[in-house]
**Q** 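Right, I'll just put the structure down here and ask away after.
Quick caveat: nothing in here was measured; it's all calculated off a predicted structure.
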Amino acid sequence: MEKGLFHELYKQLDNFDLRSCPPACLSGLLHGYLTMYSMVRVYPWLESDFGSSGAIHERAKSIVHLYPSQLNKDIPVDTRAGYAADKMDVYQLYSDLNYLKNGLDAAYRILSTRGNGKLSLPCRTPNICRILCDCYYFAGDEACGELAGRLVTEALGYIRGGDRDVLLSWWDAICLYDDVVGAMMLSREDHERLEEERARLRVSVVREENEKIERLRQMGPDADFSLVAEVFYILAKREFVACNEYYVVKE
């Protein structure tokens, strides 16, 4: 059933005018296409189902081209942080230094330094955590890695305390921190604990994702576009994982 829904969403979005996409949905939509691009690059025979990797690449780029107007100071800082992190995510697939430079420049404008030279966090959100992780990874900024660790620790505290509403919003940032910063900055014991926590939380993440997928099914064409974009990204990730598992077993 998920595969059918995913193909349906993919066709629906292929005919969607991206210029009318609500700004808050751009990130989820972009990451859905980035995931699709990676999948078709790895398994080119899937082009018969999803189109060429080049066409998906252009679709993703057309989303990024909508970002410049979203990076000015009139946009909420958390939204700007998300767009800056997205540009660095794009760089990892396209290896275009302009994406990296623009993303890093925007990130450091957001993480403005105080008079003592220390970084200042304008808010404590998943997107801020993402740009901190990226600045650590791409610029070797250990101070950013340490700050990202503090934010992840706080988020995990909220989740353990019963605030499950923050789980999905923080999930990607927690995984990014674990993969990019934790392996380098944490002790072996602390990193193993973080990986165990991540594995435990994954069960709850899947449950909440399933609830969103079911909500979209029930709402049909009346679903808000933000839910469509979010479910598209969820299903794209699952499709990629399913392809990896299928072809690894087949080999």
**Q** Does the salt bridge (charged side-chain N to carboxylate O under 4.0 Å, His left out) test come out yes or no for Glu214 and Arg217, once each step is laid out?
**A** CA-CA 5 Å; Glu214 183 57 31; Arg217 281 203 186 97; 3.6 Å; yes
**Q** Evaluate whether atom CZ of Phe138 has more than 12 neighbouring non-hydrogen atoms of other residues, nucleotides or ligands under 6.0 angstrom away.
**A** yes
**Q** Can you tell me if Thr125 and Asn127 form a side-chain donor-acceptor pair at under 3.5 Å?
**A** no
**Q** How close do Pro126 and Ala173 get, heavy atom to heavy atom, and via which atoms?
**A** O-CB, 3.8 Å
**Q** Atom CG of Asp105 and atom CG of Leu100: how far apart are they, to the nearest 0.5 Å?
**A** 9.0 Å
**Q** Surrounding CD of Glu142 (heavy atoms of other residues, nucleotides or ligands, distance under 6.0 Å), is the total greater than 12?
**A** no
**Q** Would you indicate whether the side-chain heavy atoms of Met36 and Glu239 approach each other to under 4.5 Å?
**A** no
**Q** Side-chain heavy atoms nearer than 4.5 Å, only ILVMFWY residues, links allowed to pass through others: does that put Met184 and Tyr177 together?
**A** yes
**Q** Would you compute the distance between atom SG of Cys129 and atom CZ of Arg124 and round it to the nearest 0.5 angstrom?
**A** 10.5 Å
**Q** Indicate, with yes or no, if Phe16 and Leu216 share a hydrophobic cluster defined by side-chain heavy-atom contacts under 4.5 Å among Ile, Leu, Val, Met, Phe, Trp and Tyr.
**A** yes
**Q** Evaluate the criterion salt bridge (charged side-chain N to carboxylate O under 4.0 Å, His left out) for residue pair Arg200 and Glu197; output intermediate values, then yes/no.
**A** CA-CA 5 Å; Arg200 182 181 64 80; Glu197 183 93 356; 2.9 Å; yes
**Q** Is there a path of hydrophobic side-chain contacts, each under 4.5 Å between heavy atoms of I/L/V/M/F/W/Y residues, joining Leu26 to Tyr37?
**A** yes
**Q** Return yes if a side-chain donor-acceptor contact under 3.5 Å exists between His31 and Asp172, otherwise no.
**A** no
**Q** Assess the pair Phe50 and Phe6: is the distance between their ring centroids shorter than 6.0 Å?
**A** yes
**Q** Check the pair Arg215 / Glu211 against salt bridge (charged side-chain N to carboxylate O under 4.0 Å, His left out), numbers first and verdict last.
**A** CA-CA 6 Å; Arg215 194 183 316 150; Glu211 290 176 358; 5.2 Å; no
**Q** Going by atom types only, do His7 and Asp49 share a side-chain donor-acceptor pair under 3.5 Å?
**A** no
**Q** Are Cys144 and Leu119 side-chain neighbours, meaning at least one heavy-atom pair lies under 4.5 Å?
**A** yes
**Q** For residues Leu235 and Leu9, determine if any side-chain heavy atom of one lies less than 4.5 Å from a side-chain heavy atom of the other.
**A** yes
**Q** Locate the shortest heavy-atom distance separating Asp86 from Ser27; write the atom from each residue and the value.
**A** OD2-OG, 2.9 Å
**Q** Could you report the tightest heavy-atom contact between Leu29 and Cys21, atom names first, then the distance?
**A** CD2-SG, 4.0 Å
**Q** Heavy-atom count around Arg41 CZ within 6.0 Å, excluding the residue itself: above 12?
**A** no
**Q** Please determine, by modelled atom types, if Asp89 and Tyr99 share a side-chain donor-acceptor pair under 3.5 angstrom.
**A** no
**Q** Side-chain contact, heavy-atom cut-off 4.5 Å: Asp134 with Leu176?
**A** yes
**Q** Taking atom types as modelled, find out whether Tyr91 and Asp96 have a side-chain donor-acceptor pair closer than 3.5 angstrom.
**A** no
**Q** Of the non-hydrogen atoms in Ser226 and Cys25, which two are nearest, and what is the gap between them?
**A** CA-SG, 3.3 Å
**Q** Test Val90 against Lys61 for side-chain contact (heavy atoms from CB on, under 4.5 Å), laying out the working first.
**A** CA-CA 9 Å; Val90 171; Lys61 281 176 61 177; 6.0 Å; no
**Q** In Å and rounded to the nearest 0.5 Å, what is the SG to CZ distance from Cys135 to Arg130?
**A** 12.0 Å
**Q** Test Val228 against Met219 for side-chain contact (heavy atoms from CB on, under 4.5 Å), laying out the working first.
**A** CA-CA 10 Å; Val228 173; Met219 296 182 70; over 6 Å; no
**Q** Quick one about Asp190 and Ser187 (side-chain donor to acceptor, distance below 3.5 Å, no hydrogens or angles considered), yes or no?
**A** yes
**Q** Does Asp179 reach the side chain of Arg198, with side-chain heavy atoms less than 4.5 Å apart?
**A** yes
**Q** In the single-linkage hydrophobic clustering (I, L, V, M, F, W, Y; side-chain heavy atoms under 4.5 Å), do Leu227 and Leu168 co-cluster?
**A** yes
**Q** Grab the two heavy atoms, one from Val42 and one from Pro44, that are nearest each other, plus how far apart they are.
**A** O-CD, 3.3 Å
**Q** Heavy-atom distance under 4.5 Å between the side chains of Val205 and Glu209, does that happen here?
**A** yes
**Q** Are there more than 12 heavy atoms of other residues, nucleotides or ligands under 6.0 Å from atom CZ of Arg160?
**A** yes
**Q** Rounded to the nearest 0.5 Å, what separates atom CG in Asp141 from atom CG in Leu132?
**A** 8.5 Å
**Q** Let me see the working for Tyr33 and Phe232 under ring pair (Phe, Tyr, Trp, His ring centres under 6.0 Å), right down to the final yes or no.
**A** CA-CA 9 Å; Tyr33 278 108; Phe232 172 59; 5.2 Å; yes
**Q** Could you tell me which non-hydrogen atom of Pro22 sits nearest to which non-hydrogen atom of Phe225, and how far apart they are?
**A** CD-CD2, 3.8 Å
**Q** Quick check for you: to the nearest 0.5 Å, what is the distance between Ser62 atom OG and His65 atom NE2?
**A** 8.0 Å
**Q** Taking the side chain as every heavy atom from C-beta outward, state whether Asn102 and Tyr67 have any atom pair closer than 4.5 Å.
**A** no
**Q** Quick check for you: to the nearest 0.5 Å, what is the distance between Tyr43 atom OH and Leu46 atom CG?
**A** 8.5 Å
**Q** Show, in sequence, the C-alpha distance, side-chain angles and deciding distance for Leu156 and Leu201, and conclude whether the side-chain contact (heavy atoms from CB on, under 4.5 Å) test is met.
**A** CA-CA 10 Å; Leu156 290 174; Leu201 289 176; 3.7 Å; yes
**Q** Report yes or no: do Leu97 and Met88 belong to one cluster of Ile/Leu/Val/Met/Phe/Trp/Tyr joined by side chain heavy-atom distances under 4.5 Å?
**A** yes
**Q** Give the C-alpha distance, both sets of side-chain angles, the deciding distance and a yes or no for side-chain contact (heavy atoms from CB on, under 4.5 Å) between Leu104 and Lys87.
**A** CA-CA 9 Å; Leu104 281 173; Lys87 282 180 174 286; over 6 Å; no
**Q** How about Phe240 and Glu245: do any of their side-chain heavy atoms sit closer than 4.5 Å?
**A** no
